[in-house]
A.B. asks: 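I'd like to ask some things about the structure below.
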Amino acid sequence: MTDIRELLLSRIRDVADYPEPGVMFKDITPLLADPAAFTALTDALAEIAERAGATKVVGLEARGFILGAPVAVRAGLGFIPVRKAGKLPGATLGQTYDLEYGSAEIEVHAEDLSADDRVLIVDDVLATGGTAEAAIQLIRRAGAQVSGLAVLMELGFLAGRPRLESALDGAPLEALLVV
């Protein structure tokens with residue numbers, strides 16, 4: 001696992017003062033552009049899905065789509081997008097959550113999940129945990145179980161993990177990198 005961590009870290013670019021002054025943005029586009037690194041990432045996340053006993057993968061908009069869809073294919077599972085409100089056609093189930101200033105809402109097609117499903121949530125970054133916590137609530141409201149949360153990178157200094165541990169109710173939270 002040390003080799004994959006080194007590979008992934010070597011393909012993540014720091015962008016200073018983006019999107020605002022004082023922020024060090026972690027850009028994963030060089031990782032996505034490198035087929036060896038992207039394949040290693042997909043394999044590692046698919047292994048987590050298999051260990052978690054997942055039957056479906058949920059990807060959180062937008063970079064969670066990029067990571068989650070190939071993970072689902074690699075693991076032989078279905079993929080479910082969780083989108084920002086108003087982006088999915090037809091009947092949806094929504095979950096509102098608080099942001100630093102204001103609130104946001106995410107949605108899913110509830111008919112894509114059932115009581116038999118064990119869902120692994122995939123995203124690129126765990127920051128404060130607000131979106132992931134809303135996704136956990138949304139998946140449970142749709143009647144499915146959460147089998148875990150897997151992210152490429154956890155920003156440890158933002159303390160999202162403690163927020164999510166109670167929400168996950170014993171399901172694992174796995175970060176390939178912690179920065």
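We're numbering straight along the sequence, starting at 1.
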A.B. asks: Within a strict 4.5 Å, meaning less than it, do heavy atoms of the L138 and I106 side chains meet?
C.D. replies: yes
A.B. asks: Which atoms form the tightest heavy-atom contact between A37 and R11, and what is the distance?
C.D. replies: CB-CG, 3.8 Å
A.B. asks: Which pairs of donor and acceptor atoms, one on a side chain in residues 151-160, lie under 3.5 Å apart (sequence neighbours left out)?
C.D. replies:
| unit_1 | atom_1 | unit_2 | atom_2 | d |
| --- | --- | --- | --- | --- |
| E154 | OE1 | R161 | NE | 3.2 |
| E154 | OE1 | R161 | NH2 | 2.7 |
| E154 | OE2 | R161 | NE | 3.2 |

A.B. asks: Can you tell me how far apart CG (D169) and CZ (R140) are? Round to the nearest 0.5 Å.
C.D. replies: 5.5 Å
A.B. asks: State, to 0.1 Å, how close D17 and G22 come at their nearest heavy-atom pair, and which atoms those are.
C.D. replies: OD1-N, 2.8 Å
A.B. asks: In the structure I gave you, are the side-chain heavy atoms of D27 and I12 within less than 4.5 Å of one another anywhere?
C.D. replies: no
A.B. asks: Can you hop from V179 to I28 via hydrophobic side chains spaced under 4.5 Å?
C.D. replies: yes
A.B. asks: List, one per line, each side-chain donor-acceptor pair under 3.5 Å for residues 80-91, sequence neighbours excluded.
C.D. replies:
| unit_1 | atom_1 | unit_2 | atom_2 | d |
| --- | --- | --- | --- | --- |
| R83 | NE | E61 | OE1 | 2.9 |
| R83 | NH2 | E61 | OE2 | 3.3 |

A.B. asks: Can you tell me how far apart CZ (R51) and CG (L120) are? Round to the nearest 0.5 Å.
C.D. replies: 10.0 Å
A.B. asks: Taking the side chain as every heavy atom from C-beta outward, state whether L7 and L31 have any atom pair closer than 4.5 Å.
C.D. replies: no
A.B. asks: Looking only at side chains, do D116 and S114 share a donor and an acceptor under 3.5 Å apart?
C.D. replies: no
A.B. asks: To the closest 0.5 Å, what do you measure between OG (S147) and CD (E50)?
C.D. replies: 12.0 Å
A.B. asks: Just wondering, do L41 and L8 contact through their side chains at under 4.5 Å, heavy atoms?
C.D. replies: yes
A.B. asks: Calculate, to the nearest 0.5 Å, the distance between atoms CD1 and CG belonging to I139 and L113 respectively.
C.D. replies: 6.5 Å
A.B. asks: As an exercise, state the distance from CD of E105 to OG1 of T96, rounded to the nearest 0.5 Å.
C.D. replies: 4.0 Å
A.B. asks: For the residue pair F79 and D112, establish whether any side-chain heavy-atom pair is separated by less than 4.5 Å.
C.D. replies: no
A.B. asks: Does the pair L164 and L126 meet the rule for a side-chain contact (heavy atoms from CB on, under 4.5 Å), with working shown?
C.D. replies: CA-CA 10 Å; L164 292 177; L126 171 59; 3.4 Å; yes
A.B. asks: Taking the side chain as every heavy atom from C-beta outward, state whether Q95 and R141 have any pair of such atoms under 4.5 Å apart.
C.D. replies: yes
A.B. asks: Would you name the heavy atoms of Y97 and T131 that are closest together and state the gap between them?
C.D. replies: OH-OG1, 3.2 Å
A.B. asks: Are there over 12 heavy-atom neighbours, none belonging to R63, within less than 6.0 Å of that residue's CZ?
C.D. replies: no
A.B. asks: Could you tell me whether the side chain of D14 reaches within less than 4.5 Å of the side chain of F25, counting heavy atoms only?
C.D. replies: no
A.B. asks: Evaluate the side-chain contact (heavy atoms from CB on, under 4.5 Å) criterion for residues F38 and I66: first the C-alpha distance (whole Å), next the side-chain angles of each, then the deciding distance (0.1 Å), finally the verdict.
C.D. replies: CA-CA 10 Å; F38 195 13; I66 297 168; 4.1 Å; yes
A.B. asks: Nearest 0.5 Å, please: how far is CD in E111 from OG1 in T92?
C.D. replies: 9.0 Å
A.B. asks: Contact between I136 and L168 at the side-chain level, heavy atoms closer than 4.5 Å - yes or no?
C.D. replies: yes
A.B. asks: Quick check: does any side chain N or O of R118 sit under 3.5 Å from a backbone N or O of T55, one acting as donor and the other as acceptor?
C.D. replies: no
A.B. asks: If I compare all heavy atoms of L149 with all of A132, which pair ends up nearest, and what's the gap?
C.D. replies: CD2-CB, 3.9 Å
A.B. asks: Return the minimal non-hydrogen interatomic distance between A150 and L45, and the atom names on each side.
C.D. replies: CB-CD2, 3.8 Å
A.B. asks: Under a plain distance cut-off of 3.5 Å, with no hydrogens placed, do D98 and S103 share a side-chain donor-acceptor pair?
C.D. replies: no
A.B. asks: Minimum heavy-atom separation for A72 to G78, with atom names?
C.D. replies: CB-O, 3.8 Å
